[in-house]
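One structure below.
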Amino acid sequence: MMDKHAREERRREQREGVRALEASGVLDELYAAIDAGSVQLEGKDGLIQQMIKSGLERGLQAELTEHVGYEKGDPDADVFPNSRNGTYPKTVATSVGDVDLDIPRDRDGTFTPMLVPKGSRRLGGLDDMIISLYAGGMTVRDIEHHLVSTIGTEISRETISKITDEVLDEVLAWQQRPLEAFYPVIYLDAIIVKVRDGAHVRNKAAHIAVGVDMDGIKHVLGIWLQATEGAKFWAGVCAQLANRGVQDVLIVCCDGLTGFPEAIEATWPQATVQTCVVHLIRQAMRFVNYKARKPVATALKSVYEAADEAAARAALEAFAASELGKENPNTVRVFADAWDRFTPFLAFPPMLRRVIYTTNAIESLNYQLRKVTKNRGHFPSDDAVVKLLWLAICNIEDKRARDRAKERGLPKGSKRKAEPRLVEGQVVTNWKRALAQLALAYPDRIQPYL
């Protein structure tokens, strides 16, 4: 799979080449023929297919010329030990449909073409298209039908599956890549997917970690699959991150899973574990009467927006003594039980609180990934889950990068439609100020990395 930077560079070179041809006037007659309807661009035997056919056959003839040592039609061909030996037909699948080629061959049978290798029935552009469709959420069956109905190319589901499996080496390298020694903030969360396990389909948790580096840039650190989201497995995830180079973390934001803080502190003893306030509010509102939800939510604001821990404690006690608090003892109990893990962010100024009080930075990623995974009833294996999630992250970020590129250079006052980076490469808002506040709170630990 071509690197996205290489793809962008290739597209840029191709655009420049087309502009040069247009400026020279070479394409004027062709454009006139297209406008007149005498030349068909797409479809079977259309101009695009014929140009691909001509270009490939010309390249193959050039390869054979280099192999046998003489040009086609050379009167001195008899003096060379090897010679041309006609052609044989071969159909290859491309991104614009099937193309019938005449593959040249030599008398000795030693010619091995590089442009269309022996045994190959597809050109690279088609593989990129299949991987892109798969990353967009289409199933193997959907892709098979899409290729037949749009470009008339029949590719079996087994072949499509093998094409998408080609990225597994890249996924493995990504999962094992070295990481930064220090991340000020790491977010941990999981989404549930259905995976076939023997004769049964079971729910499994895809654990995802997102780290914020010293420049304020967010990175997806890895994806791990396990039968359930448990503190024991999260401890293994943290240990793996440490083995890949993460020596220290200032703040780890996570949900209120039992045993989660202890699992994190087993790897990074000095880390501050912050329970996601949004998760905590959801849990606290679980048994609240529908009519009382809005008043309770309003009353809880005085707790999690308090100036410090003492003010938050006083606000919670005031709520517990009120009529709403007496009617909803579970809400008070949820905050009281999670108090030690809920209050760390209250020690920071508002700028830093917005960075660490919730795992929404990873929740937005999970929302986009669920849109991709919901098209599948279940996945055949754990590798298939990780493969699709990784491709989906790459695909989503590529789309946003293209949108941002289109809007680059627009006036500052104009309304931009492109969405910001989802996670990978996104810069935390006002990060410099937040980092300065972290440096004041953790001077000994953050100074070596500044």
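Index from 1, following the sequence. Only heavy atoms go into these numbers, but all of them, side chains included; no hydrogens, no water, no symmetry mates.
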Determine whether [X] and [Y] make a side-chain contact, defined as any pair of heavy atoms from C-beta on separated by less than 4.5 Å.
X	Y	result
Ile446	Met214	yes
Leu179	Arg177	yes
Val277	Phe342	yes
Met129	Leu147	yes

Under 3.5 Å, is there a donor-acceptor pair between the side chain of [X] and the main chain of [Y]?
X	Y	answer
Gln226	Phe233	no
Trp234	His207	no
Arg445	Asp248	no
Asp213	Asp215	yes
Ser161	Glu158	no
Thr272	Ile251	no

Identified side-chain contact (heavy atoms from CB on, under 4.5 Å) counterpart of Val334 within the set Asn330, Val332, Asp337
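When Asn330, Val332, Asp337 are each tested with Val334, the side-chain contact (heavy atoms from CB on, under 4.5 Å) holds only for Asn330.
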
Listed once per pair and sorted, the side-chain hydrogen bond (donor to acceptor under 3.5 Å, both in side chains) pairs that draw on residues 294-320, sequence neighbours left out:
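Found Glu309-Trp339.
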
Do Arg353 and Phe348 meet the cation-pi criteria used here (NZ or CZ under 6.0 Å from the six-membered ring centre, within 45° of the axis)?
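The answer is no, since Arg353 fails at least one limit relative to Phe348.
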
